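Here the structure is a predicted model, which means the values were calculated and not measured.
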Amino acid sequence: MQNNSPPLRVSIIGFGAVGQGVATLLQDLPHVEVVAVADSRGVALTPNLGTLLSRKRAGRPIANSDLTALEVIRTIEHDIVVEVTPTNIENGEPGLTHMREAIKNRRSIVTSNKGPLVVAFHELVQLARENDVALRYEATVGGAMPIINLVRETLAGNRILDIMGVLNGTCNYILTRMAEEALDYDQVLSEAQDMGIAEADPTYDVMGIDTASKVVILANSFFDKNVTYADVAVTGIDRITPDALRLAHQRGFAIKLIGEVQELTVSPKMIPIGHPLNVGGTLNAASILTDHAGEITVAGKGAGSIETASAIVSDILSIQKERC
Amino acid sequence: MRISMDLELQDIPGQLIHVLAPISELSGNIMSIVHHHDKKTFRNTVPVYVIFDIEEQKLEELKEKLEERGITIVRIGKMRLRARTHILLIGHIIHTDLRETVDHIDGTGFAEVQDLSLSMPAIDGPSSAVVTIMATGIGELKRAISMLRDVAEKKDLLMIEPIEERSTIGGVAYAEQ
Ligand SMILES: NC(=O)c1ccc[n+]([C@@H]2O[C@H](COP(=O)([O-])OP(=O)(O)OC[C@H]3O[C@@H](n4cnc5c(N)ncnc54)[C@H](OP(=O)(O)O)[C@@H]3O)[C@@H](O)[C@H]2O)c1
C-alpha cells in the first residue's frame, strides 16, 4: 500500500456490536485514522481505539467532547463516515440524516445499517453520485457473506436474472434447531433468546421484516427497481411446526425462510435437502442466477460483531484503493 | 393408469349406468363425470366426459363392454403424470375442506393428488399436512397448486411451496418423471 499517501480519515457513528468490531479491526490498519467515534450519548474525538473499546465494554461513557454525531459529520474534516447506528425501516433515522449530511459534505459512506437504504435508496445513490462520493453497503445484506460487491464487481459481465436466499441467521437457527430436535417454535425461540441469537423482541427477524429489508436493497441495487418495504409480500416463520418440518424432511426437503428478489417475496419455502441454499445454524446463503455464469451460491456468517465489521473494512479498503 | 374418455350416450334416461357399471366391474375408480345434457349432437346423442383410473391391461376389455352396451367412444386419452410436487399446509386443517379440494384437483383431468398425510395435532394445536400432487405438465401442476392456494387463503392456512428451479425451465421440486 502507498505508505506516502495521507491516511484515510474515518468516523465511526454508532459504537455497538458492529462499531466496536470495526474499531477492533481498524486498530491494525496503519493507513486508516479514526478521527471520531460516536454512540448515542456522545462523541470521542481522536480516540485511542484500545482505550475506547475497554471503556465502552466496561459500560462507561466514551465522550470526550460536546459535539454531537451530526456535528462530527458536518464539521470534522474526514473522508469516510462508517454509519453503524440501529436499523429503522420506517423512517431510516438516525442513519438517514447522518448519511445525507455526510454525502453533502463530500464524505463517502460505508454502512451496515439497512434502514436508510430501505427508505431512500435511490435518493442516496443519486446524492452520492452528484457529490462524487462512494456509498458502500456490503454489510447490510448477509453480514460477512459477500454478495453486493460480488455481484457488482466480480460478476460484472453477467446479467443478473434473480437472487434468492436465506438472509436471516436468527430464522435459520430456529428452523434448523426445530428440525433437528423436533422442538416447538416457542421453545427454540426462547433458547435462541438465551443464547443472544434472537432479540428480546424477535419480531423484526422472525416475521421476515429483516429479510424483506435485504430483498429491498438487492432489488434496488440490481434489478432496476424502485421499491420499499411495503412492496414486499412477507410471511414469517412463527407458524411453522415440528410436524411440518418432519413431513417435509420425509419427502426430501428442508424448510427455510427464503427471500426472493425478483418476486419481492419473503416466505417459508421447501428446498431440496441437497440444495446449496440448505445451510444450517445461523448461516446465511444466497444464490444468484446469471445469464452467463449460471447459478452461483455463496454462504457465510450473516451477523456477528467482527464478521460484519470485516465486510465494512473491506468496503473501506475498496474506497482507499479507488482513490489511489 | 388415468384415462379420460369422450363418450356419446343415447338421450334416454338411465344411460349413465352403462358407463359406470363396466368401469367398476373392472375395478376402475371414477374421478369425474361431466354430462353435457345441453350439448346434444346431431345424432341425437349426449356427450359425456369421464375420467377414471384403471389397470392398463383392462382397457381393451372395457372398450368392448362399453361398445356392447351401445356407447360410442369418441376419444380415449391416457394421462401421463410427469410433473410432481409436494405442498405443506399448516393450521387448523379440517379434513372435509381438504377432501373437497383434493376431489376438485382429481376431477380436473390433468392433475391428481397422489398422497395426503395429515399429522395428529396436539390438543388445540395446529395440524400439518403434506399434499403430493402430480400433473400432466408444469403448467397443469401450477394450476392445481393454485386451487390449493385458494383453500389455504380462505381457511387461513400457511401454505409452504417448494422453491422454483431457475436454471432450467420448470422446477427442481417439480420433478418431471
Ligand atoms: N450485529 C450484527 O451482527 C449486524 C449485522 C449486519 C448488520 N447490522 C446492522 O448494523 C447496525 C449496527 O448494529 P449493532 O449490532 O452494532 O447495533 P447496536 O449494538 O444496537 O449498536 C448501535 C449503536 O448505535 C448507537 N447509536 C444509537 N443512536 C445513535 C445516534 N443517534 N447517534 C450515534 N450513535 C447512536 C448506540 O449507542 P449506545 O451504545 O449509546 O446505545 C450503539 O452504540 C444496525 O443497523 C444493524 O441492523 C448488524
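Residue B/Glu100 places its CD atom among 12 or fewer non-hydrogen atoms of other residues, nucleotides or ligands, all under 6.0 Å distant. Within 6.0 Å of CG on A/Asp224 lie no more than 12 heavy atoms contributed by other residues, nucleotides or ligands. Atom CD of A/Glu199 has 12 or fewer heavy atoms from other residues, nucleotides or ligands within 6.0 Å. The 12-atom threshold is exceeded at CZ of B/Arg75, counting heavy atoms of other residues, nucleotides or ligands nearer than 6.0 Å. The environment of NE2 in A/His249 is sparse: at most 12 heavy-atom neighbours from other residues, nucleotides or ligands sit within 6.0 Å. Around atom NE2 of B/His104, no more than 12 heavy atoms belonging to other residues, nucleotides or ligands sit under 6.0 Å away. Atom CD of A/Glu153 sits in a crowded spot, with more than 12 heavy atoms from other residues, nucleotides or ligands closer than 6.0 Å.
Atom CD1 of B/Ile90 and atom CG of A/Leu245 lie 7.5 Å apart (nearest 0.5 Å). One finds the CD atom of B/Glu164 at 10.0 Å from the CG atom of A/Asp162 (value rounded to the nearest 0.5 Å). Here A/Met270 contributes atom CE and B/Glu161 contributes atom CD; the two are 8.0 Å apart, rounded to the nearest 0.5 Å. Interatomic distance, B/Leu88 CG to A/Phe253 CZ, rounded to the nearest 0.5 Å: 9.0 Å. Taking CZ of A/Arg246 as the reference point, atom OG of B/Ser128 lies at 8.0 Å (rounded to 0.5 Å).
Looking at A/Ile240, both its backbone and its side chain come within 4.5 Å of chain B, counting heavy atoms on both sides. With a threshold of 4.5 angstrom between heavy atoms, A/Thr241 approaches chain B through its backbone and through its side chain. Using a 4.5 Å cut-off between heavy atoms, B/Leu157 contacts chain A through its backbone alone, with no side-chain atom that close. Residue B/Ser127 does not touch chain A at all, counting heavy-atom pairs closer than 4.5 Å. Residue A/Thr290: no heavy atom, backbone or side chain, is found under 4.5 Å from chain B.
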Test B/Ile163 against A/His275 for side chain to side chain contact (heavy atoms under 4.5 Å, CB included), laying out the working first. CA-CA 10 Å; B/Ile163 53 169; A/His275 194 280; 3.7 Å; yes
Given side chain to side chain donor-acceptor pair (under 3.5 Å), test A/Asp243 with B/Ser119 step by step and report yes or no. CA-CA 7 Å; A/Asp243 280 339; B/Ser119 76; 3.0 Å; yes
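No side-chain donor-acceptor contact under 3.5 Å links A/Arg251 and B/Thr85.
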